[in-house]
Amino acid sequence: MPDTRDIRSYLEQLVEAGARAAVAAGDLPDVAIPGASLERPKDTANGDFASTLPLRLARAAMKPPIEVAGAIAKHIPADTTIEPPTVAPPGFINFRLSTAFVQAQVEHVIRVGPSFADIALGRGKKAQVEFVSANPTGPLHVGNGRGAAIGDALASALGAAGYTVEREYYVNDAGTQTDFFAETLYARYQQLLGRDVDIPKDGYPGEYMVELAQMVKDEAGDRFLMPEGEPMPPALGTLGIDLMVRNIRATLERFGVRYDHWYSEKSLYDPEGPYERALSILREKGMLVEREGALWFTSSELGEDKDNVVVRSDGRPTYYASDIAYHWDKFTRRGFDLVIDVWGADHHGHVSRLKTATGAVGGDPNALHVLLYQLVFLNRGGEAVKIAKRSGEFVKLDELIDDVGADAARFFFLLRSPGAQMDFDLDLAKKQSSDNPVFYVQYAHARLCSIIERAAEQGLTPEGGDVSKLTHPSELALIREMMRLTDVIEVVATSFEPQQLPHYAMSLANAFHAFNDAFKQANDSSLKVITEDVEMSRARLRLVQAARISLARVLDLMGMTAPEKM
RNA sequence: GCCCCCGUAGCUCAGCGGAUAGAGUGUCGGCCUCCGGAGCCGAAGGCGCAGGUUCGAUUCCUGCCGGGGGUACCA
């Protein structure tokens with residue numbers, strides 16, 4: 001007997017068996033069967049699953065699709081998991097799961113508990129999701145929050161899909177921007193100590209740099225102050241980066257994101273490290289040439305629109321070189337089977353050449369997925385707010401968390417597909433905080449908990465409940481909605497677009513609310529979970545328990561809390 | 001110029017080759033002697049334009065028109 005996890009493939013086998021039997025019986029000409037083509041009808045009136053195989057087969061079989069459907073349906077073996085399949089124009093074969101099968105899924109959910117809806121898609125494979133990875137030259141802004149919500153949920157979904165997943169933050173603690181950051185910090189630091197200096201032209205004008213300088217001064221006094229005209233002490237830059245990374249890490253923890261690795265860009269340049277290894281591979285392949293004093297990767301020979309500099313004329317490696325080394329490390333040294341980089345859309349010009357270079361140093365470009373999320377346009381009551389980091393004016397992720405909370409912010413970010421630009425009205429987000437859809441979902445979870453608690457006060461528990469008593473349409477609809485989580489996880493883990501999660505969560509919460517209020521609609525108190533009928537109550541409590549498990553699972557995948565009370 | 005993303009309900013967005021295009025919010029109309037109304041039920045309202053592929057296109061392809069982003073020896 002299949003369960004929620006494998007019902008789809010089970011039905012596919014039934015369809016294919018039916019098609020083969022139809023051919024064997026002479027009801028269909030001997031044509032190639034392209035697979036069951038099973039999908040979920042939008043309208044539940046058409047059943048739980050539908051096969052469009054007849055529509056695809058019609059031409060080759062030289063019969064109208066509806067006749068093909070009839071021929072196949074006739075030969076689909078009788079089975080306890082489904083009702084007899086029906087045929088619908090223009091040529092669908094519709095399947096409705098048997099009530100007994102649907103009811104049995106309540107027990108399935110309770111049995112597997114927190115791992116409900118896990119699938120085997122990525123079993124035995126290692127996946128890495130790298131996300132946020134903002135330069136540690138300033139606090140995280142709202143746009144970084146979108147990347148954090150997307151990357152973390154994606155990692156969770158991949159985990160549910162069977163992958164061994166690592167979350168990684170790539171810390172840009174080397175390179176040009178780091179130098180500008182250090183010089184700005186030193187300028188601010190000198191200003192605090194009474195020196196009349198300007199911050200560098202390409203530096204970071206934000207007010208937070210003054211606060212950072214103040215922190216340094218508080219801790220170290222004037223220890224980093226050099227005589228006028230002398231260069232700044234390198235240790236100050238390192239300290240500044242460390243403080244910033246700590247700040248970023250704290251923000252992400254407030255946001256509910258935990259990384260497995262914080263990968264230092266600087267470490268790429270260790271002796272015999274990824275940088276040396278990756279560049280030597282390119283050199284051996286004859287893909288590095290010197291021109292105009294710089295070292296170029298001849299990427300145009302691999303189909304890129306131009307060559308790209310990997311080592312500047314002053315001898316320092318470019319960001320591109322770092323990324324080549326970094327991705328060599330991901331694939332060759334660490335052996336990930338699937339690598340996902342979550343980037344802001346402003347980096348999109350970099351995608352193609354990164355894939356090309358990754359392939360050139362021995363990685364698998366097809367296993368590298370760069371997920372671009374479009375920028376977040378902030379406004380306050382309709383007036384645009386710039387988030388350009390270097391102008392110094394941006395809204396911090398911390399402020400957003402203060403305003404609307406981590407759960408609401410995450411839910412909101414996930415709701416939009418990464419590829420769509422999103423408007424975020426900060427005033428509205430604050431105002432809406434009580435009727436934000438996030439509360440709708442969490443409220444459903446809290447009520448599920450409170451029903452179980454209320455029942456327990458009356459000595460009622462789900463134990464021993466007989467799920468075959470669950471026959472009301474709202475009960476069966478709720479179970480069917482729970483079962484759909486398996487599909488959702490598969491879609492997210494293969495499309496890498498996590499917006500399905502919040503949409504599903506709302507749908508599941510709605511199915512619960514409808515179930516929970518059914519007695520009001522029908523004006524029939526015997527439809528309540530807790531009624532005089534003890535056996536009925538136990539059965540419904542069993543359903544409530546399973547629904548709670550399902551809803552908690554989606555919330556967890558989205559990185560949100562599942563409150564027992566609100 | 002070239003490249004990428006997006007034009008779906010008043011607004012913010014799902015839907016990614018199938019049967020009557022969905023949700024939230026907003027508007028209108030119902031439902032509390034209720035296990036928490038932060039709820040439920042119902043109504044009105046939409047695929048930028050033009051071709052093409054297909055049995056079938058909101059979905060894939062081409063062009064056009066809008067909006068945004070990229071096109072550094074920045075990251």
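By convention in this document, chain letters (A, B, ...) are assigned in the order of the sequence lines, proteins followed by strands, and residues within each chain are numbered from 1. Everything quoted here is computed from the prediction, not taken from an experiment.
Relative to the ring axis of A/F49, A/R8 does not place its NZ or CZ within 45° and under 6.0 Å from the centre.
Straight-line distance from the CG atom of A/L527 to the P atom of B/C35: 14 Å, rounded to whole Å. Rounding to whole angstrom units, CZ of residue A/R353 and P of B/A75 are separated by 11 Å. Between the CZ atom of A/R316 and the C1' atom of B/A75 there is a distance of 12 Å, rounded to whole Å. Between the C1' atom of B/G39 and the CG atom of A/L448 lies a distance of 13 Å, rounded to the nearest Å. In this structure, A/R56 atom CZ and B/U54 atom P are separated by 15 Å, rounded to whole Å.
Residue contacts shown for A/R454 are limited to sugar-phosphate atoms, with no base heavy atom under 4.0 Å away. Within 4.0 Å (heavy atoms only), A/P41 reaches at least one base atom of the nucleic acid. Residue contacts shown for A/A50 include a base, since a base heavy atom lies under 4.0 Å away. Counting any heavy atom pair closer than 4.0 Å across all strands shown, A/M422 reaches sugar-phosphate atoms only and no base atom. Across all strands, A/L55 comes closer than 4.0 Å to base atoms (heavy-atom distances). When heavy atoms are screened at a 4.0 angstrom cut-off, A/T176 is found touching the sugar-phosphate backbone but no base atom. Across all strands shown, A/N172 has heavy atoms under 4.0 Å from sugar-phosphate atoms exclusively, and none from any base. Counting non-hydrogen atoms under 4.0 angstrom, A/A446 reaches a base of the nucleic acid. A/N94 comes within 4.0 angstrom of a base, heavy atoms only. In this structure, A/H347 reaches the bases: a heavy-atom distance under 4.0 Å links it to at least one base atom across the strands shown. Among the protein residues, A/Y440 comes within range of the sugar-phosphate backbone only, with heavy atoms under 4.0 Å from sugar or phosphate atoms but none that close to a base. Using a 4.0 Å heavy-atom distance criterion, A/E292 is classed as a base contact.
Of the candidates B/C16, B/G39, B/C35, B/C16 carries the atom nearest the A/E497 side chain, counting heavy atoms from C-beta on. Here the nucleotide nearest the side chain of A/Q521, chosen from B/U12, B/C34, B/C40, is B/C40. Looking at the side chain of A/Y443, the nearest of the listed nucleotides B/C41, B/U12, B/G36 is B/G36. Taking the side chain of A/D346 as heavy atoms from C-beta on, and the options B/G18, B/C34, B/G70, the nearest nucleotide is B/G70. For A/Y319, taking side-chain heavy atoms from C-beta onward, the closest of the listed nucleotides B/G39, B/A75, B/G37 is B/A75. Comparing B/A75, B/C13, B/G36 by their nearest atom to the side chain of A/H503 picks out B/C13. Between B/U20, B/C34, B/G18, one nucleotide has an atom nearer to the side chain of A/F92 than all others, and that is B/G18. For A/R416, whose side chain is taken as the heavy atoms from C-beta onward, the closest listed nucleotide among B/C55, B/A14, B/C73 is B/A14. With B/C73, B/C34, B/G36 as the candidates, the nucleotide lying closest to the side chain of A/F519 is B/C34.
You won't find any donor-acceptor pair under 3.5 Å spanning the side chain of A/T318 and the base of B/C73, going by distance alone. Between the base of B/C35 and the side chain of A/N516 there is a donor-acceptor pair shorter than 3.5 Å.
Side-chain atoms of A/L53 and A/V15, non-hydrogen and from C-beta on, do get closer than 4.5 Å to each other.
Ion pairing of A/K469 with A/D533 is absent here, as no side-chain N (NZ or NE/NH1/NH2) approaches a carboxylate O to less than 4.0 Å. Ion pairing between a basic and an acidic side chain is recognised when a charged N comes within 4.0 Å of a carboxylate O; A/E463 and A/R538 show no such pairing. Salt bridge A/R353/A/D323: absent, no basic N to carboxylate O contact under 4.0 Å.
Looking at which nucleotide of RNA chain B each of A/N510 and A/A88 is closest to, the 5′-most match is held by A/A88. Projected onto RNA chain B by closest heavy-atom contact, A/K42 and A/G293 fall at different nucleotides, the more 5' of which corresponds to A/K42.
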Set out, line by line, the N/O atom pairs under 3.5 Å between protein and nucleotides 3-6 of chain B.
residue, atom, partner, partner atom, Å
B/C4, O4', A/H348, NE2, 3.4
B/C5, O2', A/Q374, NE2, 3.3
B/C5, O2', A/G419, O, 2.4

Here RNA chain B, pairs taken as Watson-Crick or G-U under 3.5 Å and shown with ( ), [ ] when crossing and | when to another strand, reads (((((((..((((....[...)))).(((((.......)))))....(((((..]....))))))))))))....
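A/K565 is linked by a salt bridge (Lys or Arg N to Asp or Glu O under 4.0 Å) to A/E453, counting only residues two or more places apart in sequence or in another chain.
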